[in-house]
Amino acid sequence: MGITEQDWHEEKSRVLDVTNQIQERIEQLTNEVGKIKSDVIDIRKNFWDEVTINIGTTEDIIETHFSIRQQAEILSERERRYRHSAATLKQLTRLVDAPYFGRIDFQEHGEQETEQIYIGITSFRNQDENTFLVYDWRAPIASLYYDHIPGPATFQAPFGEVTGDMSLKRQYVIRNKDIQLMFDSGVTIGDELLMQALSRHSDAQMKSIVATIQREQNRIIRNDQSRMLIVQGAAGSGKTSAALQRVAYLLYKYRKTLQADQMVLFSPNPMFNSYVSTVLPELGEENMQQTTFQEYLEHRLGAEFQVEDPFAQIEYILTAVDTPDYQARINGIQFKASTDFLNMVSTYKEVLEQSGMVFYPVKFENEIIITAEQIKTHFYDFDPSIQLINRIELICEWLLNTLTDFVESQLDTEWVETEIELLDADEYDRAYKKLLRTQKGKDITFDDFEQEKQLLSRMVIQKRLKPLRKWIKQFEFVDVKALYTQLFSDQQLFTRLIGDAALPDDWSIICQQTIARLDEASLAYEDATPFLYLKEIMFGMRTNTAVRHVFIDEAQDYSPFQFAFLKRLFPRAKMTALGDLNQAIYAHMSSLDRLDTMPYLYGPEHSETIRLTRSYRSTREIVEFTRGMIPGGSEIEPFNRHGDKPQVTAVETREALHSGIVAEIEQLSKDGYKSIAIICKTASESADAYAALQKQIQLHLVTKFTPTFDKQTLVIPAYLAKGVEFDAVIIYDGSTNQYHQAHERKLFYTACTRAMHRLQIYTLGEMSPFIRTQPSDTFTYNKLANPS
């Protein structure tokens, strides 16, 4: 039975009634917030006027303490009320123009009445009757809307499973307090609502998808049992969107024990952080911590090394194919990302407990106080059963004690006397007062010249030794760089460590490349995590026990080594890994290369894998064209939203290419498309394209340093476009000269799947085999004449 005029009338009346009540509550809260804010300002201003200060007796001191405490509690209570009221006001302001997007009618088994449940981005109660007029989309009962069709239905409540019958599932599009679209649905989320959401133009920031969450996405969002949740999803399947709604859901469900700063998102680049930064605030939640893995590596290693980033690595992979020893570098990248190398470095620690430690000598003023050999001898004189980290701590203690003896040997040296003579009166006075503070109970006077000299000598020496003491306390006397180098310079050691694992091809060249970089205080990206891991297992792993959830986007770009490191870094956290094997564009073997190997991190019993095969981003025509480029692409299911077929345009000259692109952008702009991306293969090609085109049309060049994602025409390397989407995509050059290698297939696929509505591919010469192998009816082809 369809929606009747009576239904329309009743629903429109309800929207007006609910929005009026929300508006009344907004006005009440506005006044309340203003009053509380004035109270807080007044209390802060007059805080001490309201406190009785009297410290004459013990009783007076106690009374003063409680007076201050009482006033502080009043201030704290007002501040809490202000924060709560302000947050509620912010939520209701978002709700007032579109209070809800869905409705279900549900009769619980054993109950006589059918309850009407209206679902929105946050909840709202009728103050008089204390009933819910709108339920938060994250409430347990709201899962019925996402997971079921009318008929028998169940949901998981805090007290157990609730069963019943859903008699109605209705969806709305409400704008400015008016219902613009309403329909009853027999599927999870009606295609009409999803079609409207997907037909809109892309934005500079990702938007919330709570009104169109699909059943498989809801499984991701509400999964709070798995220690390791792996999401393998096709391009445009809503992986990242679902993950961000998952964050909001977890913050809602565990609001008494979980805060936003206890969750961290590792994203592919800083620009992506800007792209997703508005989703959680739109849902009334604070943003989680956001960073990149490279930023963490820089934080830990940047003071010691120039750390290559993954974008520099992929530029090398894409542009240096014909250079000497290229394949050796690729083999090295893959080996250093593997679990074999992880196990090898872990075993190295056990070997070092027996032999092979390397130390720096302890120097003062370029003079060696303790030689590296002395430290090594002392290190291996300890009982072999003592663990490596404990021995390093004992060495640290020994070195500090040795420095104490060194102080005595320097008391009468010439440099100390010179330093004392250079002390001015203020320094002299400060030194004396400091000695008085540090040597309480001792008879200190400066009447005796020898006593004066000794005290000042110690002060001067201790001051000069302070940096050296800090150096020792930070275990800087261990030469980690030399220890890592040994892995590649000592063939006998390497053979012992690798065991039965296969030796990579070109191993001698890999060793030479690695050592050459280390000698220049540089770390290749593939060496950064293993180097840091070696340092951590020697000195004790730095862990973050406060973080409870770790989200890794573009997880296919992380190596098994990096995943193992992150597990150690966040030992109490649950992990959500989101990726697409078909977008694994880096040279190392992806951790997601075989999904069934990922549960090794936490064990199969604590892991769950969810696959998303339906693509929502692109039109059916774009999906049907792109899915043929990759293995298993036939499993990708396009959403039934139609548009133009991808267009492939052949040009013969660079001049014709640029002329065609300019004309295409002008037409796309006339057609109303706001975000347009000219996607190039590399950063160098992007820079060249930008330099040529900016003279004719307004553009913005995106580099790895670009901090924000802007809604305009962009020129961007393919690997930086991962995770974002555009109304229209122009592939700068999809010729066989640019995309023909096996490792370039996924990069080309990634570039093409950024398009929501239009995909235009130019080819400067023969088209790429990744295009030629697609059915001819999935794209249109034409040649562009040279400009006259």
Side-chain angles (χ1 to χ4, degrees), residues 146-147 187-191 193-200 202-203 206-223 226 229-247 249 265 267-268 272 275-276 279 551-557 576-585 590 592-593 595 598 608-643 721-727 729 746 749-757 759:
Y146 299 112
D147 290 343
V187 294
T188 306
I189 299 296
D191 282 355
L193 185 61
L194 190 53
M195 182 79 74
Q196 186 179 90
L198 297 174
S199 296
R200 294 197 301 263
S202 71
D203 292 287
M206 181 180 284
K207 296 299 182 183
S208 161
I209 62 164
V210 294
T212 58
I213 291 169
Q214 302 296 287
R215 184 172 186 173
E216 67 272 20
Q217 294 169 331
N218 200 41
R219 283 182 60 206
I220 297 166
I221 293 166
R222 295 177 187 260
N223 182 311
S226 304
L229 179 60
I230 305 158
V231 181
Q232 157 61 33
S237 58
K239 300 181 294 294
T240 304
S241 295
L244 292 170
Q245 320 303 310
R246 171 171 165 77
V247 173
Y249 169 77
L265 168 67
S267 56
F272 183 85
Y275 179 58
V276 301
V279 174
F551 291 78
I552 302 174
D553 206 357
E554 303 295 345
Q556 74 278 355
D557 295 335
T576 302
L578 314 145
D580 178 11
L581 299 179
N582 294 316
Q583 297 181 64
I585 61 175
S590 166
L592 293 180
D593 200 42
L595 286 168
M598 280 295 287
E608 182 174 353
T609 299
I610 297 176
R611 289 173 171 82
L612 303 176
T613 58
R614 198 177 195 197
S615 180
Y616 300 100
R617 174 188 298 138
S618 306
T619 61
R620 170 176 283 275
E621 287 74 15
I622 293 174
V623 174
E624 288 177 342
F625 169 69
T626 56
R627 67 181 178 178
M629 296 176 183
I630 36 93
S634 58
E635 297 178 6
I636 299 173
E637 178 188 355
F639 181 71
N640 200 27
R641 177 172 65 85
H642 289 281
K722 293 180 68 172
V724 296
E725 60 190 26
F726 306 93
D727 290 337
V729 164
K746 292 180 178 180
Y749 169 79
T750 299
C752 292
T753 55
R754 300 308 93 197
M756 292 178 64
H757 307 296
L759 174 61

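The basis for the numbers below is simple: all heavy atoms, side chains too, and nothing from hydrogens, waters or symmetry mates. Numbering starts at 1 and runs along the sequence shown.
Without hydrogens or angle criteria, Arg754 side chain to Thr750 main chain gives a donor-acceptor distance under 3.5 Å. Between the side chain of Arg617 and the backbone N or O of Ala235 there is no donor-acceptor pair closer than 3.5 Å. Judged purely by atom type and a 3.5 angstrom limit, Gln245 has no side-chain atom pairing as donor or acceptor with the backbone of Val279. No donor-acceptor pair under 3.5 Å is formed between the side chain of Glu635 and the backbone N or O of Thr613. Judged purely by atom type and a 3.5 angstrom limit, Arg611 has no side-chain atom pairing as donor or acceptor with the backbone of Ala234. Checked by atom type and distance alone, the side chain of Thr576 never pairs as donor or acceptor with a backbone atom of Phe551 at under 3.5 Å. Between the side chain of Lys239 and the backbone N or O of Glu554, no donor-acceptor pair lies under 3.5 Å.
Looking at heavy atoms from C-beta onward, Asn582 lies out of side-chain contact with Thr753 at the 4.5 angstrom threshold. Inter-residue side-chain proximity for Gln214 and Phe639 is flagged as unmet; no heavy-atom pair is nearer than 4.5 Å.
The minimum heavy-atom distance linking Ile221 with Ala242 is given by the pair CG1-O, 3.4 Å. Of all heavy-atom pairs spanning Leu759 and Cys752, the tightest one is CD2-CB, 3.9 Å. The two residues Ser618 and Arg641 make their nearest non-hydrogen contact at C-NH2, 3.5 Å. The two residues Ala721 and Phe726 come nearest to each other via the heavy atoms CB-CE1, 4.4 Å. Shortest non-hydrogen contact noted between Ser226 and Asn223 is N-OD1, 3.2 Å.
Here the CG atom belonging to Leu581 is positioned 6.5 Å from the NZ atom belonging to Lys746, to the nearest 0.5 angstrom. Atoms CG and OG, from Leu578 and Ser241 in turn, are 10.5 Å apart once rounded to the nearest 0.5 Å. Interatomic distance, OH of Tyr749 versus CG of Asp580, reported as 5.5 Å (0.5 Å rounding). Expressed to the nearest 0.5 Å, how far CD1 of Ile585 lies from NZ of Lys722 amounts to 4.0 Å. Separating the CZ atom in Arg215 from the OH atom in Tyr146 is a distance of 14.5 Å, to the nearest 0.5 Å. Atom-to-atom distance recorded for Phe272:CZ and Leu265:CG is 6.5 Å, nearest 0.5 angstrom.
Thr619 pairs by the side-chain hydrogen bond (donor to acceptor under 3.5 Å, both in side chains) definition with nothing, not counting sequence neighbours. Take Asp553 and apply the side-chain hydrogen bond (donor to acceptor under 3.5 Å, both in side chains) test, not counting sequence neighbours, and it matches Thr240.
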| query | Are Arg222 and Asp147 close enough, and set up right, to give a salt bridge (charged side-chain N to carboxylate O under 4.0 Å, His left out), and what steps lead you there? | reply | CA-CA 11 Å; Arg222 295 177 187 260; Asp147 290 343; 5.7 Å; no

| field | Candidate pair Arg219 and Glu608, rule salt bridge (charged side-chain N to carboxylate O under 4.0 Å, His left out), full reasoning | value | CA-CA 11 Å; Arg219 283 182 60 206; Glu608 182 174 353; 2.9 Å; yes

Show every donor-acceptor pair shorter than 3.5 Å between a side-chain atom in residues 620-628 and any protein atom, with sequence neighbours excluded, or say none if there are none.
from, atom 1, to, atom 2, distance (Å)
Arg620, NE, Asn640, OD1, 3.0
Arg620, NH1, Glu624, OE2, 3.1
Glu621, OE1, Gly643, N, 2.8
Glu621, OE2, His642, ND1, 2.8
Thr626, OG1, Ile622, O, 3.0
Thr626, OG1, Val623, O, 3.4
Arg627, NH1, Ile636, O, 2.8

